[in-house]
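As structure tokens, the structure follows; a few thoughts come after it.
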Number of protein chains: 2
Amino acid sequence: MEARAPRPGVPVRGSGSGRPVMAALDLLGRRWTMRILWELSQAPAGFRELQRRCERMSSSVLSTRIEELTDARLLALDGDGYHLTPLGQGLVEALKPLGAWSRRWAEEMGPATEGGPE
Amino acid sequence: MEARAPRPGVPVRGSGSGRPVMAALDLLGRRWTMRILWELSQAPAGFRELQRRCERMSSSVLSTRIEELTDARLLALDGDGYHLTPLGQGLVEALKPLGAWSRRWAEEMGPATEGGPE
DNA sequence: CCCTCCTGCTTCGATTTTCGAATCACTATG
DNA sequence: CATAGTGATTCGAAAATCGAAGCAGGAGGG
């Protein structure tokens, strides 16, 4: 197949430099990528279960993302389904402050927009 | 305009819950968004300079992203051009560990991607 | 063996997003 | 008036995403 995952050291879309952080921004900037990592950090899941957890995202894109993330060594498949590699877990760790920030964001946006969680 | 920026508390694509982190993942998962924040964290920039810095990204998308990020209160425009709000600076801070992780990623991918360039 | 149900995964036409060059409106300067 | 700068829009084309249907393979039962 032809899907190409961004890799550090290789120029990616949006940056000819191949700087690691740009490759990461390219990879993570594709739809569903961060969500998939987020879900798998909660618990491993098989293909269909992962699809279910991500609001029934399209199987074709899920397949592509799985391939990209596997190429990037962030994901692996075994008997229990897909799970994060240590590298992938490290990425999720690095993304954790984002969760904290988003709550602060909600607080500052919220007073004007708060209507009701579900 | 009709472009809709994700906001915490409002259901977004990929998640009906409106949980802050899902709104953040939606916003950041759009192409160029993180790159724009990254560039503005280095220095404020006007519209065209920002476009130049982002490898000449299309002006139509830049305009859309600016609107989204402004709606989300992460960006503002003044005499010096576009710059991050304190909230936006907080997001970039939250994203900093990603830079560190990406260097580790590069180290682990690099040695083993032997043979590799295409 | 055959049938059913599960799995990961592919195919393909329709929809949405992004692209990018041209262009607009406005301001300032000569 | 002409030129050049700004932020921003338009629109046809290209790329990414969607989503329902289907494929191949394995496990279990009749």
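Note on naming: letters A, B, ... go to the chains in the order of the sequence lines (proteins, then strands), and numbering restarts at 1 for each one. Heavy-atom basis, side chains included; hydrogens, waters and symmetry copies ignored.
Looking at T64(A), its side chain has no donor and acceptor atom pair within 3.5 Å of the base of dT17(D).
The listed nucleotides are dT7(C), dT10(C), dT9(D); the one nearest the side chain of S63(B) is dT9(D). Proximity note for F47(B) (side chain, C-beta onward) versus dC19(C), dT10(C), dG7(D): the nearest is dG7(D). Here dT6(D) is the nucleotide among dT6(D), dA16(D), dA20(D) with the atom lying nearest to any side-chain atom of R48(B). Among dT18(C), dT17(D), dG19(D), the nucleotide with an atom closest to any side-chain atom of S60(A) is dG19(D).
In this entry the distance linking CD of E67(A) with C1' of dT11(C) reads 15 Å, nearest Å. At whole-Å resolution of the value, CG in L77(B) and P in dG7(D) are 7 Å apart. Atom-to-atom, CZ of R35(B) to C1' of dT18(C) comes out at 16 Å; the value is rounded to the nearest Å. Residue Q51(B) contributes atom CD, which lies 11 Å from atom P of dC19(C) at whole-angstrom precision. Atom-to-atom, CD1 of I66(B) to P of dT6(D) comes out at 13 Å; the value is rounded to the nearest Å. Counting to the nearest Å, the P atom of dT17(D) and the CD1 atom of I36(A) are 11 Å from each other. Straight-line distance from the CD atom of E55(B) to the P atom of dT18(C): 18 Å, rounded to whole Å. One atom, CZ of R30(B), and another, C1' of dT17(D), lie 14 Å apart when rounded to the nearest Å.
Ionic pairing of R104(B) and E108(B) is present here: one or more N-O contacts between side-chain nitrogen and carboxylate oxygen are shorter than 4.0 angstrom. Checked for salt-bridge contact, K96(B) and E93(B) meet the test: a charged N lies under 4.0 Å from a carboxylate O. Salt bridge R65(A)/E68(A): present, at least one basic N to carboxylate O contact under 4.0 Å.
For R56(B) and dA21(C), the shortest distance from a side-chain N or O to OP1 or OP2 is not below 4.0 Å. Using a 4.0 Å cut-off, some side-chain N or O of W32(B) falls inside it from OP1 or OP2 of dC19(C).
For W38(B), there are no ring pair (Phe, Tyr, Trp, His ring centres under 6.0 Å) partners, not counting sequence neighbours.
Heavy-atom nearest nucleotides on DNA chain C were determined for A45(A) and for G29(B), and the one closer to the 5' end corresponds to A45(A). Nearer to the 5' terminus of DNA chain D, by closest-nucleotide assignment, is the contact made by G46(B) (compared with the other of S58(A) and G46(B)).
Side-chain atoms of R35(B) do not come within 3.5 Å of backbone N or O of L25(A) as any donor-acceptor pair.
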